[in-house]
Each structure stands twice: as C-alpha cells, then as structure tokens.
Colleague: 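One structure follows; several queries about it will come next.
In this text, all values refer to a predicted model and were calculated from it rather than measured experimentally. Note on naming: letters A, B, ... go to the chains in the order of the sequence lines (proteins, then strands), and numbering restarts at 1 for each one.
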Protein chains: 2
Amino acid sequence: MLRSHTCGELRPGDVGNSVTLSGWVQKSRDLGGMTFIDLRDRYGITQLVFNMDVNASLCEKARKLGREFVISVSGNIVERSNKNTDLPTGDIELIVEQLTVLNKSNTPPFTIEDETDGGDDLRMKYRYMDLRRAPLKSNIELRHRVLQETRKYLDSEGFLEIETPVLIKSTPEGARDFVVPSRMNPNQFYALPQSPQTFKQLLMVSGFDKYFQIVRCFRDEDLRADRQPEFTQIDCEMSFVEREDVLSTFEGLIKHIIKTVQGHDLPEFPIMTYADAVASYGTDKPDTRFEMKFVELNASTQGQGFNVFDGAEIVVGICAKGAAEYSRKQLDALTDFVKRPQIGAKGLVYLKYNQDGTTKSSVDKFYGDDARMAICKAMNAEPGDLVLIMSGDKAQARNAMSALRLEVGEALGLRDKSIYAPLWVVDFPLLEWDEETKRFHAMHHPFTSPNPGDADKLQSDPGAVKANAYDMVINGVELGGGSIRIHQRKMQEQMFDALGFTKEEAEAQFGFLLGAFEYGAPPHGGIAFGFDRLVALIGGSETIRDYIAFPKNNSGRDVMLDAPSEISTEQLKELGINLP
Amino acid sequence: MLRSHTCGELRPGDVGNSVTLSGWVQKSRDLGGMTFIDLRDRYGITQLVFNMDVNASLCEKARKLGREFVISVSGNIVERSNKNTDLPTGDIELIVEQLTVLNKSNTPPFTIEDETDGGDDLRMKYRYMDLRRAPLKSNIELRHRVLQETRKYLDSEGFLEIETPVLIKSTPEGARDFVVPSRMNPNQFYALPQSPQTFKQLLMVSGFDKYFQIVRCFRDEDLRADRQPEFTQIDCEMSFVEREDVLSTFEGLIKHIIKTVQGHDLPEFPIMTYADAVASYGTDKPDTRFEMKFVELNASTQGQGFNVFDGAEIVVGICAKGAAEYSRKQLDALTDFVKRPQIGAKGLVYLKYNQDGTTKSSVDKFYGDDARMAICKAMNAEPGDLVLIMSGDKAQARNAMSALRLEVGEALGLRDKSIYAPLWVVDFPLLEWDEETKRFHAMHHPFTSPNPGDADKLQSDPGAVKANAYDMVINGVELGGGSIRIHQRKMQEQMFDALGFTKEEAEAQFGFLLGAFEYGAPPHGGIAFGFDRLVALIGGSETIRDYIAFPKNNSGRDVMLDAPSEISTEQLKELGINLP
C-alpha cells in the first residue's frame with residue numbers, strides 16, 4: 001500500500017507515530033517559512049506541514065504542487081497548536097519528511113469544493129472530477145449503504161436474489177423498448193427490459209416464493225428533467241401472499257433502511273384509498289407531512305350568483321393555517337403560480353379570516369359576511385387562516401389545487417426534509433379509459449389482478465374494477481408500487497381482451513407467461529421501488545442525477561464518454577443494418 | 001399468507017398443532033382407504049394424509065389432484081408411524097381437513113425430479129419448470145448465498161458498491177460490442193459494456209479508492225459451449241495499491257466465500273509465474289490438485305536415433321503414479337485422445353516402469369534398458385508408474401500434454417471436486433504478437449501496466465515486457481484476473497502506440513480516459529471475477545448454464561421467450577433503421 005493510514009483517521013492518540021498518507025492536494029498555503037497543505041482522500045483531510053528552516057528543498061518541492069496533484073507523504077504526527085474543530089483530524093498535523101508526486105494534475109476546470117463554480121455541462125463532462133466533491137461523494141456513499149441494507153433486510157427475510165436476463169424480447173406494450181440487433185439471428189432484435197416483471201412472475205411459477213433483485217431497467221422515453229433512460233429498481237415478488245403480506249414486508253424494508261441509514265424510526269404506514277387521496281389531496285401521491293386537506297365547497301359557494309363557481313363541477317378549498325396576513329403581492333404570486341401553463345388554472349379565489357374575526361375575499365361582491373363565514377366554517381378555518389379556493393371540472397381543479405397545496409406548504413415551511421410521512425395508496429382503478437385511442441389502458445400493468453370480488457366485472461363493467469394494487473408514497477414521492485398478480489390463464493386472457501389485445505397478439509407477446517400459468521402458477525404478488533428516487537429522498541434531494549455515478553443528460557447523452565456515437569460501417573455490416 | 005408454515009419446517013415438536021401449508025403436488029399414492037400426497041415447496045416436502053373413512057369427499061377430491069397442482073391444505077400434525085429418515089420432515093405428516101386447489105396444472109412435459117426425462121431443449125423452453133427441480137433450485141440458492149457473501153466481505157473491507165452505466169460508448173477494441181440504436185440521436189448507437197473497465201478506473205480518478213460491483217457484461221462473440229452473451233462479473237478496483245495488496249485482498253474474498261458457503265478453509269494461495277506454469281503444466285491455468293508436472297526429456301531422449309524426438313523442439317513427459325498396469329486398450333485410448341483434432345498431437349510414447357523393476361515402452365526399438373531407466377530416473381518415476389511422453393514444438397507439445405495430464409488425472413481420480421487448489425499466476429507477457437494481423441495484442445487489456453522495471457522496454461522491446469497482471473486459478477479454472485493499471489497519460493499513449501493505434505484512434509475511443517489521467521489519477525489496480533464460473537466451481541460443476549436462472553442457448557437464443565425476435569416496422573422506423 002502506498003499509505004499506512006487514510007486522511008480521515010489520525011487523532012491525538014497517533015501523535016509521535018510515523019505514517020504515510022496518499023491523496024490529493026486540496027489546498028496549499030505558504031505562511032512565511034512554512035507551507036501547509038490540506039491532503040484529501042475519500043476519508044477526509046489531513047494537514048501537512050513543510051518547514052523551510054528544517055528542509056528547504058522539500059518545502060520548495062511542496063510549494064510547486066498544484067491543486068489536485070496526487071502525492072504520497074511520510075513523516076511524524078504532531079499535535080496542532082491551532083486546532084481546527086471543523087475537521088475530525090483537526091487536532092493533529094503531519095510534519096512531512098518525504099514527498100513523492102504520484103501524478104500531476106492540470107488545473108481543474110472547476111473548483112473541487114462543496115460549492116463549485118462549474119456549470120452543469122462542464123461538471124457532466126468531467127464527471128470524474130465532480131465526483132470528488134464532498135456532496136456528490138457522500139451521495140454515492142449513501143447509495144452504497146442503502147444497497148447493502150436493502151439486501152441485508154431482504155436476505156434476512158428469506159428472499160433470494162436472482163438475476164434475470166438483460167437481453168430479452170421486445171413487447172411493445174407500455175413504454176418504448178431499447179432494442180439490440182442480433183448478429184447471429186439476422187433481422188432479429190433483443191430488447192432491454194423495462195422491468196423484469198414477467199421473469200419474476202415465472203420465478204414464482206418455479207417455486208422461488210420470495211425473489212428480489214436490484215436491477216437496471218431501461219425505457220426509451222422522451223426524457224423529462226430527472227428521468228434517465230436507464231434506472232435502477234428494487235424488484236421483488238412473493239408467492240402465497242395477500243395484499244397485507246406484501247405491504248407489511250415492504251413497509252418493513254423501508255423502515256429498516258431509514259432506521260439503519262438515518263437512525264429514524266418510522267411510524268406505521270397508514271393506508272389510504274386512491275379515491276380518498278384524490279378527494280383530499282388531488283393526487284394519488286399526497287405529501288402528508290402536512291394536513292391542508294381539500295374541502296369540497298359546492299354547498300357553501302354555489303347558487304349565490306358567482307358564475308364561475310356555479311358552473312363548476314367542483315369548488316374546492318384548502319386552508320393555509322396562519323397565512324391570513326399574506327400580502328397582495330404574495331396572493332398575486334399564488335395566482336400567477338396556478339395560471340402557469342403546466343398547471344393551467346384560470347384563477348384563484350382567496351378568503352382571509354383575519355385575526356380580528358373579520359373576513360375578506362377576492363369575491364366579496366358575491367359573498368357577504370355570512371357567506372364568507374359559512375365558507376370559513378366549512379373549511380374549519382380559524383382567525384388568522386387563509387382559505388384558497390379553485391373550481392372547475394374535478395380532475396383539472398384537483399390537479400391545480402394539488403400543485404397549489406404543495407406550493408403553499410413549501411412557503412409555510414411545512415415540507416421539512418427531515419420528516420418522513422409515508423403511506424400506502426390502494427384500490428386504484430384497474431383500467432383507465434384513453435379517449436385518444438378509445439381503449440382501456442392498464443393503470444399499473446396488464447398483470448395486475450382485480451380486487452377480490454371485482455373480478456366478475458372485468459367483462460361486464462371493466463371501468464369499475466378496482467385493482468389489487470398499491471403504491472408506497474413518502475412525502476409526495478411515489479417510491480414504489482406493485483400488485484397482487486393474475487395467476488390464472490383465463491383471467492389473464494380476459495385482461496388482455498379488456499386492453500384490446502387480439503388473441504394472436506397476446507399469444508405472440510406473452511405466450512410464454514400464459515403457458516406458464518397452465519403449469520401450476522401459485523398466487524403471487526410483488527412490488528418494485530425506484531431505487532434512484534429512494535436514495536435521493538433519503539439524501540434530501542429531488543435530483544436523482546446527483547445520486548447516480550455516471551448519469552446521462554436530458555438528451556440521453558453521456559457527455560463524458562460522448563455516447564451514443566456513430567459506429568463503424570464494418571459493425572453495421574456485421575449486424576445487417578442499413579442507415580438511411 | 002396462504003400458509004402458516006413451509007413444507008420444510010415441521011418437526012415432531014409441532015405434533016398436535018393445526019397448520020396451513022401451500023405448495024405443489026409432487027407425488028400422490030392411493031393405498032386402500034388412504035391417499036398420501038407429497039406436498040413440495042422451496043423449503044422441502046411434507047406428507048399429507050387423506051382418509052376415505054374419515055372424509056370420503058375430501059379424499060376423493062385429493063385423488064383428483066394431478067402432479068404440479070398448486071394447493072393449500074389445513075389440518076393437524078401427527079407423528080408418522082413409518083418414519084422417512086430421508087426427509088427432514090419425515091417424522092410427521094399432516095392429516096388434511098381442508099383442501100383448496102389454488103391452481104391446476106397440465107401434465108408437465110418432463111418429470112420434476114432430481115433426475116428428469118426431459119431433454120435439453122424441452123427443459124430450456126420450460127425453464128420455469130426445470131427450475132423447480134431440486135438440483136437447479138439449489139444452484140440458484142447457492143448463487144444467492146455467494147452474491148450476499150461477496151458483498152458482505154467487500155463492504156466490510158471498505159469497498160463501495162457503485163453502479164456504472166449499461167448504455168455506453170462502442171470501442172471496437174477487444175471482442176465485438178452489442179449495440180443499441182439511439183432514437184433520440186439518429187444514426188448513433190450506444191454499446192453494452194464488455195466490462196466496466198474504464199468506468200472503474202474513472203472512479204479511482206474520482207477518489208473512491210475501493211470500488212466493487214457485481215455487474216452484467218456483454219460480448220457478442222460466436223458462442224462456444226458454456227459461453228453466454230451476457231454474463232456476470234465481480235468487478236473491483238483499488239487505489240494506492242501494489243500487486244500484493246490486490247492479491248491479499250481478493251485471496252481474502254475467495255477464502256471468505258468458500259469458508260462461509262462451504263465451510264472449507266483454504267490454504268494460502270501460492271504464486272506461480274506464467275513461465276513456470278507453462279513449463280510445468282503446459283497452461284496458464286494449471287489444475288494443481290495433483291502433481292504430475294512436466295519434465296523436459298530432451299537430454300534423456302535425443303540423439304539416440306528416434307527421429308521423432310530428435311527433430312523436436314521439446315520432448316516432455318509426465319509420470320502417472322501407479323499406472324504401469326494400464327492395459328493396451330487403455331494406452332490406445334490415451335493415444336486416440338491426444339490425436340483428436342482439438343488436441344492434434346501426432347502420437348504418444350509410453351514407458352512402463354513395472355513393479356518388478358523391468359521397463360517396457362512403445363519405443364523399445366530406440367531405447368534399450370539403460371536408456372529407459374535413465375528416462376525413468378529423469379522423471380523421478382518409481383516401480384509401478386507409467387511415463388507418458390510427447391514431443392514437438394514447445395507451444396503445441398505443451399498444449400497437448402496439458403490436455404493429456406488432465407485426462408489422466410481424471411482417470412486416476414486426482415481431480416476431486418471437494419478439494420480446492422488455488423494459486424495466483426503472475427508475470428504474464430504484456431503483449432502477444434499476432435502473426436495474422438502482424439501486430440501486438442494486449443494479453444490482458446490495453447490498460448494493464450508493465451511490471452515495475454519493464455516500462456522502459458515498452459518502446460525498445462515490447463515483446464519482452466512483462467505485465468503487472470495476475471490471474472486467480474482454482475482447480476484449473478481461471479476464476480478471475482486483473483492488473484495494476486497504467487495511470488499516466490504518457491505511458492497509456494505508449495501502450496496504444498505499441499498496440500498499433502494511431503493517435504487519432506486512441507483519442508476518439510479513449511480520449512475521456514487519457515484526459516482523466518491528466519487531472520490527478522492515482523496509482524490503481526483491480527481485478528474481475530467471472531461470477532457464473534465461480535458459482536459453478538463452488539457447486540462442483542463446469543456448466544455455468546446450470547447456475548443462471550434464464551440462460552441462453554448456444555445460438556444466443558432464449559428459447560423460452562423466443563428472443564431475439566423481429567420487431568415492428570414502426571419500431572424500426574422510429575429508430576431510423578433499415579433492414580436489407
């Protein structure tokens with residue numbers, strides 16, 4: 001080893017010892033006859049000391065070291081006179097007797113500090129240097145820890161980690177597949193898995209009643225901010241289970257992770273129906289760190305001459321505790337917020353319940369004191385609160401109000417990153433009607449079973465069928481979702497039929513699974529978690545890219561590698577592929 | 001849960017308890033008024049009992065169950081009168097009171113027993129049923145265990161598990177890449193990684209001084225038996241290390257795995273040079289479970305009138321202890337073995353050192369008693385031994401003798417699967433001359449550094465440079481290999497130059513790595529293990545396919561999925577790809 005210790009471990013107890021350290025020059029300071037260098041490695045920073053009076057040539061050599069040079073130094077540990085309490089090694093320093101330059105460095109294109117001066121593009125191009133910065137480094141360390149604890153828990157619960165293939169068959173249902181031309185099978189293609197869904201179901205048919213895998217998945221979608229063409233999932237499946245078994249097992253997983261990685265004990269996860277989530281929060285992934293639930297105000301507001309509300313399918317309000325003193329400017333900003341094209345509301349009505357007991361709204365013309373008080377009462381508002389009201393058709397008004405609720409919650413400091421508010425959302429609709437294609441789509445995926453009792457309606461009233469599916473939501477982030485699966489050929493065929501597959505299409509794409517259901521498929525269900533998102537949530541960030549060592553940009557490019565790139569005509573020829 | 005216990009856990013202490021089990025009907029026997037069913041799940045087999053006298057309709061129902069039906073049963077545990085000592089649950093049985101058929105099964109296309117009547121193709125098509133058989137099931141369980149222990153060890157040694165991308169850049173050096181057309185970047189392709197080699201080196205440049213990943217890799221090679229287009233590697237890299245640091249760390253890994261998974265303590269791994277391995281065993285991956293080392297017999301055999309030996313570059317012998325009594329037929333079989341086209345020897349000379357002290361050889365005409373005795377002496381043979389001799393040019397004779405040595409070792413029972421004989425092979429040549437292309441190839445890969453001291457010869461005498469590389473070999477299987485890497489731009493450029501890259505080619509393919517070496521790259525080295533092969537070795541088999549849940553066949557096809565397959569013209573159009 002080119003070191004006896006790391007740069008993070010030396011303490012006063014090491015004083016007097018001779019050590020060798022290796023690392024990067026973080027910072028260098030010449031003070032009169034002395035040169036001080038902060039030497040950095042993965043574990044920390046140790047101060048090196050060179051003294052002109054003691055060894056001039058060594059000190060001269062040290063003064064020539066640039067930022068990010070890689071060096072190895074040997075010498076003795078002494079106690080520092082001016083201790084640095086910000087550093088774990090701040091009580092000691094290393095009096096250097098030997099210095100070896102292991103590698104030079106050009107001047108880095110941006111500063112390797114917690115806050116850097118490098119722009120996004122530059123840091124992506126030199127990702128290997130960006131990863132040296134402490135915030136990114138600790139993200140990667142956090143990810144490692146979560147990986148290990150995930151497996152530790154699942155292993156201890158009897159799950160088997162089983163790797164499934166990456167070169168599989170293209171099944172155009174769902175998102176777009178990435179495909180891989182097969183040289184050995186001309187004109188044929190593999191696909192990269194969007195998830196190992198069918199494999200894990202086959203593993204249940206094989207009898208491996210508890211499976212997991214932390215697995216790369218691929219979707220060739222048009223990228224939005226913070227979506228990656230390749231992403232990591234914790235993928236799990238169990239046999240002989242009912243919904244509650246899956247929920248308690250994976251509630252246990254997330255509790256274990258948060259406990260071991262962050263020391264937090266999570267409470268029991270409440271279960272909320274999809275209908276309740278939508279009615280109370282306007283979304284199937286509510287941020288329940290704060291209340292501010294929706295209240296339907298149709299009865300309190302309609303029929304009083306205000307056309308906007310009178311003509312609306314729904315009038316819905318939220319109560320922002322203690323926000324009655326919002327200024328005109330603040331209220332205008334909220335109105336502007338809901339009018340943004342992403343949200344698309346036409347306007348926002350406010351109603352202040354002032355501390356002095358008076359009320360004031362933006363629609364006083366239509367609602368007198370009593371009517372305003374009645375609304376306050378319906379909203380359970382107290383003096384000092386601000387009521388915000390929107391209207392429209394249900395889907396659109398709830399959607400807009402959901403965005404507003406988060407915005408107001410944020411402004412009021414109610415979305416504390418150190419708090420976890422988990423819940424399960426259940427009883428989703430099995431199918432969603434798509435007006436454009438005039439057919440049903442599976443809300444989760446075509447392998448999700450109907451709720452027990454709803455199966456009969458699959459043919460008679462498919463839109464009314466509830467799914468035996470569940471999402472885990474924490475702080476408004478959908479961390480994972482799953483379902484009890486269909487395990488019988490007949491029901492799976494009915495499902496494909498409801499989704500508009502012909503018999504032939506179903507057989508061509510999923511014949512292997514339909515076949516497997518005829519050879520002793522057990523009842524089974526599972527779940528998959530977005531691993532990148534889970535780690536980002538624990539890390540307190542919403543940017544998953546900061547938790548991936550080598551992410552791609554929003555055009556799906558790796559700008560460091562410059563990939564994708566053109567390939568040689570020889571490669572194309574071998575693959576039997578022509579480009580236009 | 002649709003069970004209270006598994007089929008593997010009930011014991012006499014459970015007698016009198018009411019339990020629910022779920023599983024598959026393994027076997028059913030009707031004996032007079034009784035029906036016995038072996039119920040199987042992942043954990044074992046439990047005997048179910050149905051009694052016509054007690055509950056005729058239930059017993060009738062049980063008699064209709066076919067093999068591989070999935071059922072759930074409830075009832076009481078009783079002690080068996082005729083205990084089955086072959087089964088861990090053989091002391092008890094379950095008197096069934098309730099029976100639910102969870103799913104039916106068609107008659108399986110082959111028997112789900114340890115020894116099955118299904119052929120390879122049928123079992124691959126119905127892989128999900130083949131995986132129910134105990135031998136395959138325990139292979140997958142073994143693989144799980146090795147996965148967990150690998151990570152446990154590396155985590156405890158301070159390694160960080162870091163995931164690297166699967167969609168990367170095509171670099172045609174080495175084996176053929178699988179490529180992935182990019183829809184968003186027309187005419188451009190990603191490649192799937194043959195290994196994360198450059199990424200792990202970049203992670204060292206980032207300062208993550210200990211990295212590992214258990215990672216899928218891809219090579220589009222013409223498949224031989226037991227090669228898969230996708231395979232799993234334990235991929236590792238460390239900074240600030242010298243060769244011995246890497247060897248001791250990963251010797252530790254393999255010892256930990258074998259110890260925890262199999263209870264074996266491995267001895268220290270001897271280190272053998274490539275030159276010694278080739279001279280003594282004719283291969284760089286010697287099976288050292290048995291001696292039978294090569295002895296060069298040029299001095300003892302040449303110049304005595306036997307033209308075949310006289311004209312040979314090398315005459316080499318092995319001594320098969322105690323095999324002097326091999327029959328003519330056995331000796332002929334060995335001659336046939338070395339004459340097979342895969343080995344290609346012209347013939348084989350034998351020399352028996354009989355128990356009575358006499359000698360007899362196939363070339364007595366040229367070698368009299370004294371000459372034969374001299375050969376025996378050179379071979380260190382004793383009465384009862386058989387000496388086998390081949391000749392030719394060095395590479396070919398050693399190659400053939402290496403195959404013969406394994407064959408004879410196998411016949412003599414010297415290749416015991418319960419014994420582990422590990423070693424490190426070091427000091428490989430850095431470069432191999434390829435007569436066909438008239439250029440050097442990297443024996444490991446282009447990132448391997450020369451042995452310290454040999455670097456100067458990289459330009460003056462490239463063929464003489466030894467690599468700072470190492471392979472781990474156990475029982476004749478190369479489990480893994482690695483090297484101390486080049487970490488300086490200048491030397492990496494010299495290496496690319498020696499390999500015949502132009503400056504432009506080197507820059508286009510590996511510019512990002514050359515660039516990274518200019519920003520503070522630390523000295524580093526690493527290793528990668530073939531994970532499929534490691535598990536197969538521990539499992540005592542040479543067929544890695546039996547240790548992969550869903551392998552591909554020798555044409556790279558997944559016959560269960562029927563992949564690869566054609567994709568839709570719409571998909572092709574979106575990708576901008578034309579087929580001939």
Side-chain angles (χ1 to χ4, degrees), chain A residues 1-3 22 24 42 68 70 102-103 105-106 128-129 131-132 144 147-148 155 160-162 165-170 178-180 182-185 187-190 202 205-207 209 216 220 230 240 245 512 516 518-523 549-550 556 560-561 563-565 567 577-579, chain B residues 1-3 22 24 42 68 70 102-103 105-106 128-129 131-132 144 147-148 155 160-162 165-170 178 180 182-185 187-190 202 205-207 209 216 220 230 240 245 512 516 518-523 549-550 556 560-561 563-567 577-579:
Chain A
M1 289 294 280
L2 305 179
R3 65 184 175 202
S22 290
W24 286 261
R42 173 181 144 198
E68 301 304 317
V70 188
L102 297 172
N103 215 346
S105 175
N106 293 343
Y128 50 85
M129 268 186 280
L131 287 171
R132 287 184 191 161
H144 164 80
L147 284 169
Q148 308 317 310
D155 180 38
L160 291 175
E161 182 174 3
I162 304 178
V166 172
L167 297 171
I168 66 164
K169 183 185 170 112
S170 185
F178 282 105
V179 298
V180 181
S182 167
R183 183 180 53 87
M184 305 230 286
N185 303 273
N187 297 339
Q188 298 194 336
F189 293 77
Y190 301 100
L202 291 175
V205 179
S206 294
D209 60 13
R216 201 70 52 84
D220 184 13
E230 51 178 312
F240 304 118
D245 304 310
F512 60 96
E518 295 189 294
Y519 287 102
F550 298 104
M560 180 185 73
L561 299 182
S565 60
I567 60 174
I577 280 181
N578 300 325
L579 297 179
Chain B
M1 290 294 279
L2 305 179
R3 64 184 175 203
S22 290
W24 286 260
R42 173 180 145 198
E68 301 303 317
V70 188
L102 297 172
N103 216 346
S105 175
N106 292 343
Y128 51 86
M129 269 186 279
L131 286 170
R132 287 183 191 161
H144 165 80
L147 283 170
Q148 308 317 309
D155 180 39
L160 291 176
E161 182 175 4
I162 304 179
V166 172
L167 296 171
I168 66 164
K169 183 183 170 116
S170 184
F178 282 106
V180 180
S182 167
R183 182 180 54 87
M184 304 230 285
N185 303 273
N187 298 338
Q188 298 194 335
F189 293 77
Y190 301 100
L202 291 175
V205 178
S206 295
D209 59 14
R216 201 70 53 83
D220 184 14
E230 50 178 312
F240 304 119
D245 304 310
F512 61 95
E518 296 190 292
Y519 287 102
F550 298 104
M560 179 185 74
L561 298 183
S565 61
E566 288 171 15
I567 59 173
I577 280 179
N578 300 325
L579 298 179

Colleague: From A:D155 CG over to B:H144 NE2, what is the distance, rounded to the nearest 0.5 angstrom?
Modeller: 3.5 Å
Colleague: Do side-chain atoms of B:R3 reach the backbone of A:F240 as a donor and acceptor pair under 3.5 angstrom?
Modeller: no
Colleague: Identify the two heavy atoms, one from B:E230 and one from A:P165, that lie closest to each other, and give their separation to 0.1 Å.
Modeller: OE2-CB, 3.4 Å
Colleague: Considering only heavy atoms, which portion of A:N187 lies under 4.5 Å from any heavy atom of chain B: side chain, backbone, both, or neither?
Modeller: both
Colleague: Identify which part of B:S565 has an atom lying under 4.5 Å from any heavy atom of chain A, answering side chain, backbone, both or neither.
Modeller: both
Colleague: Can you tell me which of A:D209, A:L102, A:N185 forms the most heavy-atom pairs within a distance under 4.5 Å of chain B?
Modeller: A:D209
Colleague: Out of curiosity, A:Q148 CD to B:L160 CG, how far, rounded to the nearest 0.5 Å?
Modeller: 9.0 Å
Colleague: Is a donor on one side and an acceptor on the other found under 3.5 Å between the side chain of A:E161 and the backbone of B:L147?
Modeller: no
Colleague: Give me the atom names and distance for the closest heavy-atom approach of A:V205 to B:W24.
Modeller: O-CZ2, 4.0 Å
Colleague: Below 4.5 Å from any heavy atom of chain A, which atoms of B:R132 appear? Answer side chain, backbone, both or neither.
Modeller: both
Colleague: So which part of A:P522 gets closer than 4.5 Å to some heavy atom of chain B, the side chain, the backbone, both or neither?
Modeller: both
Colleague: With chain A, which of B:R216, B:R183, B:M129 has the greatest number of heavy-atom pairs at distances under 4.5 Å?
Modeller: B:R183
Colleague: Could you tell me which portion of A:I162 (side chain, backbone, both or neither) has an atom closer than 4.5 angstrom to a non-hydrogen atom of chain B?
Modeller: side chain
Colleague: Which bit of B:M1 comes within less than 4.5 Å of chain A, counting heavy atoms only: side chain, backbone, both or neither?
Modeller: both
Colleague: Looking only at heavy atoms and a cut-off of under 4.5 Å, which of B:V166, B:I168, B:V70 has the most pairs with chain A?
Modeller: B:V166
Colleague: Might you point out which heavy atoms bring B:L2 and A:P523 nearest each other, and give the distance in Å?
Modeller: CD1-CG, 3.7 Å
Colleague: Measure up the A:Y519 and B:Y128 rings against each other and bin them: parallel (under 30°), tilted (30 to 60°), perpendicular (over 60°).
Modeller: tilted
Colleague: A:M560 versus chain B, heavy atoms under 4.5 Å apart: side chain, backbone, both or neither?
Modeller: both
Colleague: Look up atom CG in B:N106 and atom CD in A:E518, then write down how far apart they are to the nearest 0.5 Å.
Modeller: 5.0 Å
Colleague: Supply the atom-to-atom distance A:L131 CG to B:L202 CG, rounded to the nearest 0.5 angstrom.
Modeller: 9.5 Å
Colleague: Taking all atoms of both residues into account, what is the closest heavy-atom pair of A:Y190 and B:P564, and its distance?
Modeller: CE2-CD, 3.4 Å
Colleague: Tell me, side chain or backbone of A:S22 under 4.5 Å from chain B's heavy atoms, or both, or neither?
Modeller: both
Colleague: Output the distance between atom CZ (A:F189) and atom CG (B:L579), rounded to the nearest 0.5 Å.
Modeller: 5.0 Å
